[in-house]
**Student:** 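Take a look at this one; I'll ask things after.
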Amino acid sequence: MLEISTLRLHSEEITQKLLIKNFPAENIIKEVLSADQQKRELQTELDTINASGNRSAKEIGRLMTTGQNAEAEKLKIEATGFREKAKELEQKIREAETALEELLVRIPNTPSEKVPAGKTAADNKPVYENDCKPTATGTLFPHWDIIKKYDIIDFETGIKISGPGFPVYKGKGARLLRALINYCLDEACKAGYKEMIPPVFVNSASAYATGQLPDKDGMMYEMKEDKLYAIPTAEVPLTNIYRDVILKEEDLPVKITGYTPCFRREAGSWGADVRGLNRLHQFDKVEIVQICKPENSYLTLEEMRNFVQNLIISLGLHSRTLLLCGGDMSFTSAMTYDLEVFAAGQKKWLEVSSVSNFETFQANRLRLRFKDANKKTQLAHTLNGSALGLARILAAIIENYQTPDGIIVPEVLRAYTGFEKIF
RNA sequence: AGAGAGAUGGCAGAGUGGUUUAAUGCGGCGGUCUUGAAAACCGUUGUCCCGCGUAAGCGGGACCGGGGGUUCGAAUCCCUCUCUCUCUACCA
């Protein structure tokens with residue numbers, strides 16, 4: 001959510017910036033400003049009434065303790081009814097606040113100046129590509145064929161137990177996935193991230209604070225009985241650790257990481273090109289999160305992007321990094337890099353990480369702040385990224401390391417798997 | 001899940017209808033003293049909203065778990081929800 005104070009001062013500039021995201025903001029911003037104006041007028045009115053009510057009450061108290069009861073009674077009659085008026089105003093203010101909030105949450109984050117214009121994924125700007133060309137040669141099969149051959153991932157049994165999109169990882173397949181989880185977490189810890197194991201069900205306040213609610217409630221599995229949501233990403237619980245927190249300047253940057261399974265309903269997003277591990281209802285992901293001072297957030301974004309790029313290189317996967325154009329960015333992001341690996345069997349790029357700077361957009365809803373050197377509290381900047389989305393990494397490893405007589409395990413994972421080849 | 005007890009500032013902990021502007025202690029910050037530190041002493045201390053001001057700040061309002069009620073006036077009384085603790089039961 002954008003800050004109303006910024007919107008008041010820079011509405012024109014914000015409108016301009018939002019055009020990069022193809023979002024026509026002029027009208028809604030006008031509405032916001034007038035709703036804000038109305039709310040403030042009501043607030044001033046209420047404050048005035050409260051001030052005079054407080055004065056009378058105090059005076060009555062003083063008269064009664066000094067024994068001037070007759071005077072007190074007279075004043076009591078005069079003071080009757082002010083509370084009712086105040087309540088009426090409070091109600092109006094609540095309504096005005098709700099109206100303002102409903103408008104505000106519909107305005108996306110403004111893109112950074114570095115974000116290129118564009119409408120679709122085709123307009124994303126490639127900024128990096130590594131040279132880890134696949135070692136596999138000959139006829140290359142997509143992973144959904146290979147996993148059957150070695151019986152390491154079983155979709156049919158998953159369908160029996162849960163439904164489509166809930167695979168069962170078996171034997172060396174399970175072991176390889178667990179190796180990836182441990183490897184990614186260990187690398188993140190080495191890079192200074194503190195490991196967390198958060199809850200995988202969150203309440204609506206948390207889902208709201210990171211932006212999954214109210215708009216995207218169709219994406220999450222919901223347990224209505226207990227009013228809980230299955231997390232679509234560890235970003236939700238990890239970021240919410242810092243909801244309503246005021247950090248000290250010396251605590252920054254905060255760097256945390258966590259592995260969780262992620263649950264996504266993916267309603268309506270199924271099609272021919274989302275076979276196998278490409279898109280699942282449940283998948284595994286290691287997430288990295290940073291909270292930092294505003295002036296550092298773009299350096300931090302680069303640091304996080306480099307970390308993820310190097311992680312992918314260390315797995316020997318051919319990958320590229322795209323700077324997302326305005327039209328392809330998420331609602332909440334100010335700047336996003338998508339990192340893709342090439343899956344040699346399907347001959348397709350798979351998105352395995354998305355690293356974003358949200359500036360104060362998330363922090364505003366989270367009320368995540370820090371005290372700066374001048375002892376002023378101000379909103380922190382938040383960033384997060386996948387490191388990595390493991391189902392697709394697994395798919396890419398299976399396809400890129402396939403040989404006629406087995407799948408080679410990437411070298412860095414062998415200490416974790418205890419084997420070098422799946423056959 | 002049943003029974004009981006609770007929820008007050010960064011923490012501990014008073015406060016059961018009216019100078020409460022929430023006592024006091026600890027912690028934090030600043031200072032005096034000191035070669036430096038400790039101790040002692042003095043001062044200071046949260047969050048949000050509105051207004052004025054370039055600003056430091058000043059003025060007003062709100063906040064004692066959340067919401068509602070009674071009252072001229074609520075941390076205090078009533079209702080309700082949530083959470084925590086203790087005991088019992090159950091459980092990995």
Side-chain angles (χ1 to χ4, degrees), chain A residues 1-10 32-104 197 199-209 213 223-229 237 240-252 254 261 291 360 362-380:
Chain A
M1 192 161 68
L2 291 176
E3 292 159 87
I4 184 66
S5 52
T6 317
L7 225 32
R8 265 180 220 151
L9 294 173
H10 308 293
V32 162
L33 293 178
S34 99
D36 175 54
Q37 179 67 25
Q38 198 184 349
K39 196 207 93 182
R40 281 191 290 165
E41 279 165 14
L42 290 166
Q43 183 70 54
T44 305
E45 203 180 328
L46 174 66
D47 287 354
T48 312
I49 287 174
N50 277 340
S52 81
N54 288 347
R55 240 180 288 119
S56 316
K58 219 170 260 182
E59 179 63 8
I60 291 168
R62 196 190 63 80
L63 290 170
M64 287 178 76
T65 47
T66 54
Q68 296 166 265
N69 284 3
E71 302 289 320
E73 289 301 324
K74 217 158 93 191
L75 203 52
K76 268 191 197 181
I77 292 158
E78 273 176 45
T80 309
F82 98 88
R83 186 79 197 108
E84 254 169 53
K85 224 182 283 171
K87 265 180 207 161
E88 218 173 277
L89 273 169
E90 277 168 12
Q91 179 59 32
K92 277 191 193 163
I93 289 171
R94 259 197 301 273
E95 281 163 17
E97 269 170 353
T98 309
L100 178 60
E101 181 106 348
E102 271 168 12
L103 289 168
L104 273 176
I197 301 180
V200 296
F201 296 161
V202 296
N203 57 31
S204 57
S206 296
Y208 181 79
L213 292 179
M223 279 138 283
K224 288 212 162 73
E225 194 80 352
D226 300 289
K227 292 182 189 151
L228 292 171
Y229 298 86
N240 269 283
I241 292 171
Y242 292 92
R243 172 150 51 90
D244 281 314
V245 167
I246 299 175
L247 293 159
K248 295 183 198 122
E249 192 173 21
E250 62 262 33
D251 294 335
L252 297 173
V254 169
I291 300 162
T360 60
Q362 269 189 340
N364 190 29
R365 270 207 210 181
L366 287 163
R367 291 177 299 275
L368 164 54
R369 292 159 292 171
F370 74 100
K371 256 195 186 17
D372 66 20
N374 301 320
K375 296 188 175 174
K376 284 275 185 199
T377 46
Q378 58 168 305
L379 292 171

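Order of the sequence lines sets the chain letters (A, B, ...), proteins ahead of strands, with each chain counted from 1.
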**Student:** For A:I246 versus A:T377, what's the shortest heavy-atom pair and its separation?
**Tutor:** CG2-CG2, 3.9 Å
**Student:** Whole Å only: how far is the CD atom of A:E249 from the P atom of B:rC29?
**Tutor:** 15 Å
**Student:** Could you please name the option among B:rG60, B:rC48, B:rA62 that lies closest to any side-chain atom of A:A51?
**Tutor:**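 Nearest to the side-chain atoms of A:A51, counting from C-beta on, is B:rG60.
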**Student:** Should the heavy atoms of other residues, nucleotides or ligands under 6.0 Å from CD1 of A:I197 be counted, would the total exceed 12?
**Tutor:**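 No - once you tally the heavy atoms of other residues, nucleotides and ligands closer than 6.0 Å, there are 12 at most.
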**Student:** Could you let me know what B:rA1 is paired to, Watson-Crick or G-U wobble, both distances under 3.5 Å, or none if it's on its own?
**Tutor:** B:rU88
**Student:** Please list all pairs meeting salt bridge (Lys or Arg N to Asp or Glu O under 4.0 Å) that have one or both residues in residues 41-50 of chain A, counting only residues at least two apart or in different chains.
**Tutor:**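 Pairs touching residues 41-50 of chain A that pass the test: none.
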**Student:** Using 0.5 Å steps for rounding, measure from the CG atom of A:L100 to the CD atom of A:Q37.
**Tutor:**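 So the gap between those two atoms works out to 11.5 Å.
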**Student:** Residues from residues 92-101 of chain A sitting under 4.0 Å of RNA chain B, heavy atoms only?
**Tutor:**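 Listed by number, they are A:R94.
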**Student:** What integer distance in Å separates A:N50:CG from B:rG59:C1'?
**Tutor:**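 Value for this atom pair: 16 Å.
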**Student:** Whom does B:rU54 pair with, Watson-Crick or G-U wobble, provided both distances fall under 3.5 Å?
**Tutor:**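 In the structure as shown, B:rU54 has no Watson-Crick or wobble partner.
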**Student:** Would you mind pulling out the nucleotide paired to B:rG30, Watson-Crick or G-U wobble, both distances under 3.5 Å?
**Tutor:**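 Partner of B:rG30: B:rC42.
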**Student:** B:rG69 and B:rA12: how far apart are their C1' atoms, nearest whole angstrom?
**Tutor:** 33 Å
**Student:** Determine: side-chain N/O of A:K376 to OP1/OP2 of B:rU47, distance under 4.0 Å, yes or no.
**Tutor:** no
**Student:** Both distances under 3.5 Å, Watson-Crick or G-U wobble: report the partner of B:rG18, or none.
**Tutor:**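 Per the H-bond distance test, B:rC72.
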**Student:** Minimum heavy-atom separation for A:A380 to A:A363, with atom names?
**Tutor:**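 It is O-CB, 3.1 Å.
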**Student:** Grab the CG-C1' distance between A:N54 and B:rU20 for me, whole Å please.
**Tutor:** 13 Å
**Student:** Can you measure A:K248 atom NZ to B:rG27 atom P for me and round it to whole angstrom units?
**Tutor:** 15 Å
**Student:** Using a 4.0 Å heavy-atom cut-off, does A:T48 contact any base of the nucleic acid, only the sugar-phosphate backbone, or nothing at all?
**Tutor:**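 A:T48: no heavy atom of the nucleic acid under 4.0 Å.
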**Student:** What pairs with A:E102 under salt bridge (Lys or Arg N to Asp or Glu O under 4.0 Å), at least two apart in sequence or on another chain?
**Tutor:**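 A:E102: no salt bridge (Lys or Arg N to Asp or Glu O under 4.0 Å) contacts found.
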**Student:** Can you name the residues that form a salt bridge (Lys or Arg N to Asp or Glu O under 4.0 Å) with A:R365, not counting sequence neighbours?
**Tutor:** none
**Student:** Please list, for nucleotides 49-52 of chain B, all pairs of protein and nucleotide N/O atoms separated by less than 3.5 Å.
**Tutor:**
| residue | atom | partner | partner atom | Å |
| --- | --- | --- | --- | --- |
| B:rC50 | OP1 | A:R8 | NH2 | 2.8 |
| B:rC50 | O2' | A:T44 | OG1 | 3.0 |
| B:rG51 | OP1 | A:R40 | NH1 | 3.1 |

**Student:** I'd like to check the side chain to side chain donor-acceptor pair (under 3.5 Å) partners of A:R243; sequence neighbours left out, ordered by chain and number.
**Tutor:**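 A:R243 satisfies side chain to side chain donor-acceptor pair (under 3.5 Å) with A:S206, A:N240 once adjacent residues are dropped.
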**Student:** Supply the atom-to-atom distance A:K376 NZ to A:Q378 CD, rounded to the nearest 0.5 angstrom.
**Tutor:** 10.5 Å
**Student:** For A:I246 and B:rG46, what is the distance between atoms CD1 and P respectively, to the nearest whole Å?
**Tutor:**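 After rounding, the reported distance stands at 11 Å.
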**Student:** Tabulate protein N/O versus nucleotide N/O from nucleotides 81-84 of chain B, keeping only pairs under 3.5 Å, one per line.
**Tutor:**
none

**Student:** Nearest 0.5 Å, please: how far is CE in A:M1 from CG in A:L103?
**Tutor:**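 A:L103 CG to A:M1 CE: 11.5 Å, rounded to 0.5 Å.
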**Student:** Paired with B:rG25: which nucleotide, if any, by Watson-Crick or G-U wobble criteria at under 3.5 Å for both distances?
**Tutor:** B:rC11
**Student:** Output yes when at least one side-chain N/O atom of A:R55 is less than 4.0 Å from OP1 or OP2 of B:rG60, else no.
**Tutor:**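 It does not, given that no N or O in the side chain of A:R55 lies less than 4.0 Å from OP1 or OP2 of B:rG60.
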**Student:** Report the residues that fulfil salt bridge (Lys or Arg N to Asp or Glu O under 4.0 Å) with A:R55, sequence neighbours left out, ordered by chain and then residue number.
**Tutor:**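 A:R55 satisfies salt bridge (Lys or Arg N to Asp or Glu O under 4.0 Å) with no other residue.
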**Student:** Roughly, in whole Å, what's the span from NZ in A:K227 to C1' in B:rG66?
**Tutor:**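 Taking atom C1' of B:rG66 as the reference, NZ of A:K227 is at 13 Å.
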**Student:** With a 3.5 angstrom cut-off on both distances, give the Watson-Crick or G-U wobble partner of B:rG6, or none if there isn't one.
**Tutor:**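 WC or wobble partner is B:rC83.
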**Student:** Indicate the atoms forming the closest heavy-atom contact of A:F370 with A:L379, along with that distance.
**Tutor:** CE2-O, 3.7 Å
**Student:** In whole angstrom, what separates A:L46's CG from B:rA62's P?
**Tutor:** 8 Å
**Student:** Check the distance between B:rG66's P and A:D244's CG and give it to me in whole angstrom.
**Tutor:**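 The distance from CG of A:D244 to P of B:rG66 comes to 12 Å, rounded to the nearest Å.
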**Student:** Using nucleotides 71-75 of chain B, report all nitrogen or oxygen pairs with the protein that are shorter than 3.5 Å.
**Tutor:**
| residue | atom | partner | partner atom | Å |
| --- | --- | --- | --- | --- |
| B:rC72 | N4 | A:K76 | NZ | 3.2 |

**Student:** Using purine N1 to pyrimidine N3 plus N6-O4 or O6-N4 for Watson-Crick, or N1-O2 and O6-N3 for G-U wobble, both under 3.5 Å, which nucleotide pairs with B:rA37?
**Tutor:** none
**Student:** I'd like to check the salt bridge (Lys or Arg N to Asp or Glu O under 4.0 Å) partners of A:E59; sequence neighbours left out, ordered by chain and number.
**Tutor:**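 Salt bridge (Lys or Arg N to Asp or Glu O under 4.0 Å) list for A:E59, sorted by chain: A:R62.
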**Student:** With A:Q91, which residues qualify under side chain to side chain donor-acceptor pair (under 3.5 Å), at least two apart?
**Tutor:**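 A:Q91: side chain to side chain donor-acceptor pair (under 3.5 Å) contacts with A:R94, A:E95.
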**Student:** Using side chain to side chain contact (heavy atoms under 4.5 Å, CB included) as the criterion, list what pairs up with A:K227, not counting sequence neighbours.
**Tutor:**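 In terms of side chain to side chain contact (heavy atoms under 4.5 Å, CB included), with neighbours along the sequence ignored, A:K227 is linked to no residue.
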**Student:** Would you measure the distance from the P atom in B:rG25 across to the matching atom in B:rC41 and give it in whole Å?
**Tutor:** 11 Å
**Student:** Return the pairing partner of B:rC48 with a 3.5 Å limit on both distances, Watson-Crick or G-U wobble; otherwise return none.
**Tutor:** B:rG61
